[in-house]
Number of protein chains: 2
Amino acid sequence: MTRSADAPGRRATILDVAAAAGVSRQTVTRAMNDMPGISAATRERVQKCAVELGYSPSRFAKGLVQGARTSVGLAIPDLTNPYFPAFASSVVEAATQRGWNVVVDDYGHGTGSGLDAVSRLAPQVDALIGYLGEHAAEAQSLMGSRPVVGLDCPGGSSAGSIGFDYPYAAGLALDHLASTGRHKVAFLDSDQGGPAGSRGAAVAAAAAAAGIPLARIHASPSATAARDAIGGLLEKEPGLDALLAFNDVMAAGVLKALHSAGRSVPGDCAVIGMDGIPLGELLTPELTTLALDLRAVGRAAVDLVEALLSGAVEPGSPAASLTLRHELIVRQSA
Amino acid sequence: MTRSADAPGRRATILDVAAAAGVSRQTVTRAMNDMPGISAATRERVQKCAVELGYSPSRFAKGLVQGARTSVGLAIPDLTNPYFPAFASSVVEAATQRGWNVVVDDYGHGTGSGLDAVSRLAPQVDALIGYLGEHAAEAQSLMGSRPVVGLDCPGGSSAGSIGFDYPYAAGLALDHLASTGRHKVAFLDSDQGGPAGSRGAAVAAAAAAAGIPLARIHASPSATAARDAIGGLLEKEPGLDALLAFNDVMAAGVLKALHSAGRSVPGDCAVIGMDGIPLGELLTPELTTLALDLRAVGRAAVDLVEALLSGAVEPGSPAASLTLRHELIVRQSA
DNA sequence: CTGAAAGCGCTAACAT
DNA sequence: ATGTTAGCGCTTTCAG
């Protein structure tokens with residue numbers, strides 16, 4: 001029986017090529033992988049047949065027999081907020097250095113939650129890194145015993161987790177504000193994402209500790225939403241002289257709102273962002289921000305995955321739970 | 001400690017679980033995949049064994065026997081330039097809608113060229129989308145008969161390609177500049193990437209057609225490099241009243257340079273960027289730019305891959321070569 | 001230099 | 001409800 005190329009939809013296999021070239025399949029393997037022990041003539045003939053049949057080796061069969069590079073999934077809420085690509089970039093870099101590859105899923109598009117991303121990713125990867133929000137535990141169960149490293153997730157319900165020391169960051173910001181004589185500050189929180197309110201709670205606590213009154217408002221985590229939200233706030237809180245934003249993108253919106261309201265920054269009102277993405281330097285005035293060392297975050301996540309994969313770190317153990325700190329980068333806006 | 005010490009390094013297979021649970025491997029399959037035809041008791045016992053052994057099914061074996069979602073590689077020079085994540089995001093979105101997944105490789109980190117990315121990606125994917133520069137042909141040969149869609153690559157040397165109509169874009173910009181009375185414009189080109197000079201050549205031609213003298217300078221494609229480059233230019237070319245940048249990120253640097261040189265925008269000097277990334281709206285003044293519909297670009301690339309994969313479009317045929325156009329979005333800077 | 005066997009780990013089809 | 005038999009497409013022995 002001849003398996004011909006006319007079989008609709010069927011992909012050519014190594015046997016098809018072998019038959020077409022009149023050789024055995026091992027010879028095809030040798031030709032395709034530039035292995036020794038084959039005459040130049042045969043090699044060329046086989047390669048030609050392969051091209052004609054549109055043959056390309058199945059990565060599954062190959063992976064099955066050879067073992068393959070480990071691949072890690074990266075679940076991200078929104079590639080459109082510059083923070084996440086910056087983070088993704090550092091994960092990809094660290095993973096590439098190890099010869100791993102990274103499968104990215106951006107679950108922000110549809111109505112999907114991080115869980116959808118995880119279920120798409122799960123069959124494809126050996127480990128998972130992601131901003132999973134409340135769903136870290138479910139994500140871990142979807143992945144079985146393969147390690148999940150959750151970022152900024154409430155409980156340490158995944159094999160590994162990386163958190164941020166918000167009380168510390170908030171302290172940094174409020175101290176700076178207090179020492180520059182600000183009297184009334186507002187925190188513009190995101191109405192979604194993140195461990196519900198941990199940033200806001202930390203800021204509130206720090207404000208209380210510094211004896212500074214704090215107004216809190218919410219908006220979607222985008223520059224335009226932030227801008228719109230601030231518009232209203234400025235009327236209600238005339239005495240406001242400092243604004244802290246949930247992230248740098250929202251801070252950019254705040255800057256715009258202040259500008260169009262005719263308030264000078266930092267003269268009338270100081271603005272501090274959070275994340276430390278490159279965007280901040282391009283704004284006018286340049287954004288003072290609570291910066292994360294993004295490369296360090298990505299590296300930490302990948303290191304943790306590696307340790308978990310190798311068994312060097314026990315899933316759920318204290319060593320699998322890292323806490324990173326922000327640093328206050330003072331530029332022009334505060 | 002539940003980690004299997006008995007088989008150092010070897011991953012648990014379905015047979016290990018079967019043996020541990022005292023069942024056949026088929027029963028393990030049923031338990032793991034929540035298939036019918038198994039008693040709740042056995043299922044639970046098997047699942048427990050699986051967890052204890054740290055078993056997780058090999059995605060290769062599974063893929064081999066079941067066929068698997070197609071996966072496309074995405075080769076990108078620099079996730080750090082906001083243009084690329086924006087593009088990546090739209091590719092990921094379009095791919096996810098089809099049930100495909102996307103493996104991202106950012107080859108900008110090390111010294112690597114796009115070719116390194118392709119060779120890492122090649123064994124992992126069924127198709128490739130990427131900014132491949134001059135290397136589209138080599139990339140295609142690395143991928144064999146699996147389709148490669150190159151963006152902004154010189155020759156149509158890959159199965160599919162998506163190009164941009166730079167003469168049209170340049171015309172848009174120069175017309176706008178001419179009609180707003182600009183007399184002397186400069187083009188800040190990137191000293192790398194892109195089909196060598198095609199943007200620059202198009203701008204030069206359009207300037208000539210509009211009868212406007214054009215100065216051309218080069219810098220690395222980053223905001224800071226752009227800023228530094230402009231510093232010198234302003235002294236040499238005092239009469240300059242308009243600046244076109246290779247991309248929006250560089251335009252952001254231009255804005256900063258002009259600001260610190262004390263030149264008002266657009267009063268003293270108009271600035272036009274290129275790409276149309278969201279960043280432009282956050283700058284002060286808001287950036288006028290030659291914008292691409294990023295979602296359309298990603299969608300087009302994925303559509304083309306699909307057509308190529310299904311055979312609906314012949315590799316290298318005219319239908320496999322798309323040309324997209326920019327649109328001039330006039331904001332404040334010009 | 002080339003070919004014939006023997007699996008890799010899993011699931012679909014049939015048994016039982 | 002469970003077990004048995006065949007492969008999926010490829011590379012690794014090992015023979016010729």
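Every chain is numbered from 1 and lettered A, B, ... according to where its sequence line falls, protein lines coming before strand lines. The figures that follow rest on heavy atoms only: side chains count, while hydrogens, waters and symmetry mates do not.
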Engineer: Rounded to whole angstroms, how far apart are CG on B:Leu64 and C1' on C:dC8?
Structural biologist: 9 Å
Engineer: Is it true that the side chains of B:Gln26 and B:Ser24 contain a donor and an acceptor less than 3.5 Å apart?
Structural biologist: no
Engineer: Could you tell me which residues satisfy salt bridge (Lys or Arg N to Asp or Glu O under 4.0 Å) with A:Glu306, sequence neighbours excluded, listed by chain and number?
Structural biologist: A:Arg98
Engineer: Quick one: label B:Thr29 by what it contacts on the DNA or RNA (base, sugar-phosphate, nothing), any heavy atom closer than 4.0 Å.
Structural biologist: base
Engineer: Roughly how many Å is it from CZ in A:Arg59 to P in D:dG9, rounded to a whole number?
Structural biologist: 14 Å
Engineer: Round to the nearest Å and state the distance from B:Phe60 atom CZ to D:dG7 atom P.
Structural biologist: 24 Å
Engineer: So, is B:Gln66 close to the C:dA12 phosphate, meaning a side-chain N or O under 4.0 Å from OP1 or OP2?
Structural biologist: yes
Engineer: Taking 4.0 Å as the cut-off, does a side-chain nitrogen or oxygen of A:Lys62 come that near to OP1 or OP2 on D:dT11?
Structural biologist: yes
Engineer: Please list every donor-acceptor pair under 3.5 Å in which a side-chain atom of residues 314-323 of chain B meets a protein atom from a residue at least two apart or in another chain.
Structural biologist:
unit_1: B:Ser317; atom_1: OG; unit_2: B:Glu314; atom_2: O; d: 2.6
unit_1: B:Ser321; atom_1: OG; unit_2: B:Ser161; atom_2: OG; d: 3.1

Engineer: Extract from the structure each pairing of a protein N or O with an N or O of nucleotides 2-5 of chain C at less than 3.5 Å, listing the distance.
Structural biologist:
unit_1: C:dT2; atom_1: OP1; unit_2: A:Thr42; atom_2: OG1; d: 2.9
unit_1: C:dT2; atom_1: OP2; unit_2: A:Ser39; atom_2: N; d: 2.8
unit_1: C:dT2; atom_1: OP2; unit_2: A:Thr42; atom_2: OG1; d: 3.2
unit_1: C:dG3; atom_1: OP2; unit_2: A:Ser24; atom_2: N; d: 3.0
unit_1: C:dG3; atom_1: OP2; unit_2: A:Ser24; atom_2: OG; d: 3.1
unit_1: C:dG3; atom_1: OP2; unit_2: A:Thr27; atom_2: OG1; d: 2.6
unit_1: C:dG3; atom_1: N7; unit_2: A:Arg30; atom_2: NH1; d: 3.4
unit_1: C:dG3; atom_1: O6; unit_2: A:Arg30; atom_2: NH2; d: 2.6
unit_1: C:dA5; atom_1: N6; unit_2: A:Gln26; atom_2: NE2; d: 2.7

Engineer: Using a 3.5 Å cut-off and no angle test, enumerate the donor-acceptor pairs between side-chain atoms of residues 38-46 of chain B and protein atoms at least two apart in sequence or in another chain.
Structural biologist:
unit_1: B:Ser39; atom_1: OG; unit_2: B:Thr42; atom_2: N; d: 3.2
unit_1: B:Ser39; atom_1: OG; unit_2: B:Thr42; atom_2: OG1; d: 2.2
unit_1: B:Thr42; atom_1: OG1; unit_2: B:Ser39; atom_2: O; d: 3.4
unit_1: B:Arg43; atom_1: NH2; unit_2: B:Met35; atom_2: O; d: 2.5
unit_1: B:Arg45; atom_1: NH1; unit_2: B:Ala21; atom_2: O; d: 2.4

Engineer: To the nearest angstrom, how far is B:Ile14 atom CD1 from D:dT4 atom P?
Structural biologist: 14 Å
Engineer: Partners of A:Arg59 by salt bridge (Lys or Arg N to Asp or Glu O under 4.0 Å), sequence neighbours excluded?
Structural biologist: B:Asp126
Engineer: Tell me: CG of B:Asn33 to C1' of C:dA12, nearest whole Å?
Structural biologist: 12 Å
Engineer: Do any side-chain atoms of residues 65-79 of chain B form donor-acceptor pairs under 3.5 angstrom with protein atoms, and if so which ones, sequence neighbours left out?
Structural biologist:
unit_1: B:Arg69; atom_1: NE; unit_2: B:Gly99; atom_2: O; d: 2.8
unit_1: B:Arg69; atom_1: NH1; unit_2: A:Arg120; atom_2: O; d: 3.4
unit_1: B:Arg69; atom_1: NH2; unit_2: B:Gly99; atom_2: O; d: 3.2
unit_1: B:Thr70; atom_1: OG1; unit_2: B:Trp100; atom_2: NE1; d: 3.4
unit_1: B:Ser71; atom_1: OG; unit_2: B:Gln124; atom_2: O; d: 3.1
unit_1: B:Asp78; atom_1: OD1; unit_2: B:Thr80; atom_2: N; d: 2.9

